[in-house]
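Any value given below was found using the heavy atoms of this structure, including those in side chains, with hydrogens, waters and symmetry copies removed. Only a predicted model underlies this, so the values are computations on that prediction, with no experimental measurement involved. Order of listing sets the numbers, starting from 1, for every ligand and every atom in it.
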Amino acid sequence: MSSVNDTGSGHPLNAETRLVTAGRDTRAQKGFVNPPVVHGSTVLYPTAADLHAHTGEYRYGRYGTPTTKAFQQTLMALEGPQCAGVAIAPSGLAAISTTLLSVLRAGDHILVCDNVYRPTRQICNIVLTRLGVETTYFDPLIGTAIETLFRPNTRAVLLEAPGSQSFEMPDVRAIAAVAHGRGALVIDDNTWATPLFRRALEQGVDISMQAATKYIGGHSDIMFGTISANAAAWPIIQETTHLLGICAGPDDVFLAMRGLRTLAVRLAQHYRSALDIARWLQSRPEVIRVLHPALESDPGHAIWKRDFTGASGLFSIVIQPKPQAAVDAFLDALTLFGMGYSWGGFESLAIPFDCAEYRTATKWAPEGPTVRLHIGLENVDDLKADLERGFVAFNKA
Ligand SMILES: *Cc1c(COP(=O)(O)O)cnc(C)c1O
């Protein structure tokens, strides 16, 4: 097998091809297409000399197996040449906590975007506070004005583009330029776009995390997290994951690996179906606003167009003000959209949300109730008919 990133003629392979070819060593796999699922803790050394010299590719199950290596190589190939390494974690949230524990130490300050995943805020508010790290939240639309929030001890900026409920789109490139001028690291949660639709490490991000539970797994059957880092950040990420004992079970690694192989076709369909339904929803009288950065009308559209090559299946709607009972009637009338937290699987989901409960740097005051939709891989006409059933119940309530 030659390099996973090119054909040998200097012509770079495209992302879809890299997802299929990377991380496969057919000879080592004894001809089989996929790497073995290695269940293993102990690694045996053939001689005492080998033991003393720590020779051999693997040392102990926690530090990696042929299965984890195949996954890491494939995700690295997708992230692009800026990626110096990938660490794996037992959940997306574990990837975030491990990253923060890698980067921060007592006395540090971190700037956190106000639209980040709520449990990420809880890590900052509870765990980091306990460890003597101070957090300041900032408006996702702050841009270069973030400069004023920096302190001499600001070690990192944490972003999510776009936020996975409210979909405001921070200008990651502009914020990263300021952060690097101040000697701070830029950390980002790229779960929504995945590196297929946004190569975060090429846009000023030093450490890009994903809840691989979502699109990489793609089937709502695993908990898994990833941390991709550039050359500047990889040593501290690798060291800390090893020190903390962060690893994941082999069957989950295998399912994440298998998810990567089909990520491009699944995401292309999520993108197409979600945008189609988002446009259809814009024409519904029950819908005041659709929060989806790939829509031309969205305030984040220019940044989306500049930095993203696609959009995922997750977006939100603001609906006409009505009592909660009407929103509940809408949700209960849906038969194809399930109600559940999480997203990124093959199935469609609808969930009410209210960011006002936890925002601190910005005020979240939409014109009506808000519902987040995940558009799965069902037929779009069936999904529209289902939403229509929901709106009938909403109007009747
Ligand atoms: C789900 C999610 C996480 C956490 O991932 P888990 O695997 O559920 O721990 C982190 N960030 C975002 C944006 C998410 O949607």
Check your understanding: Heavy atom of I96 under 4.0 Å from ligand 1?
Key ->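 For ligand 1, residue contact (heavy atoms, under 4.0 Å) with I96 is present.
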Point to revise | Non-hydrogen atom of W343 closer than 4.0 Å to ligand 1 | key: yes
Check your understanding: Taking NZ, NE, NH1 and NH2 as the nitrogens, is one of them in K322 or E286 under 4.0 Å from a carboxylate oxygen of the other?
Key ->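 Salt bridge absent between K322 and E286.
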Review point. Less than 4.0 Å between a side-chain N and a carboxylate O, is that true for R279 and E296?
Key: yes
Check your understanding: So, does H219 use its side chain to make a donor-acceptor pair with the main chain of G217 at under 3.5 Å?
Key -> yes
Review point. Between D108 (side chain) and V133 (backbone), is there a donor-acceptor pair under 3.5 Å?
Key: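 Judged by distance alone, no pair lies under 3.5 Å.
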[X] heavy atoms, cut-off 4.0 Å: which ligand 1 atoms fall inside?
X    : answer
L93  : 4 (C), 5 (O), 6 (P), 9 (O)
E160 : 13 (C)
T213 : 6 (P), 7 (O)
K214 : 1 (C), 2 (C), 3 (C), 14 (C), 15 (O)

Review point. Only one of W192, F353, Y215, F315 clears ring-ring contact (aromatic ring centres under 6.0 Å, His included) with W343; which?
Key: Y215
Review point. In this structure, which one of Y271, W304, F308 forms a ring-ring contact (aromatic ring centres under 6.0 Å, His included) with F197?
Key: Y271
Around [atom], find the nearest protein heavy atom and jot down its residue, atom name and distance.
atom                   : value
atom 3 (C) of ligand 1 : Y117 CE2, 3.3 Å
atom 6 (P) of ligand 1 : G92 N, 3.3 Å
atom 8 (O) of ligand 1 : M223 CE, 3.5 Å

Review point. Is any side-chain heavy atom of L93 closer than 4.5 Å to a side-chain heavy atom of Y117?
Key: yes
**Study point:** Nearest atoms (heavy-atom pairs only) where S228 meets L75
**Key:**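 Between these two residues, the closest heavy atoms are OG-CD2, 3.9 Å.
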Check your understanding: Can you find an N or O of A211 that's nearer than 3.5 Å to an N or O of ligand 1?
Key -> no
Exercise for review: Going by heavy-atom distance to atom 11 (N) of ligand 1, choose the closest among D189, T191, N190, I222.
Suggested key: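 Selected option, by shortest heavy-atom distance: D189.
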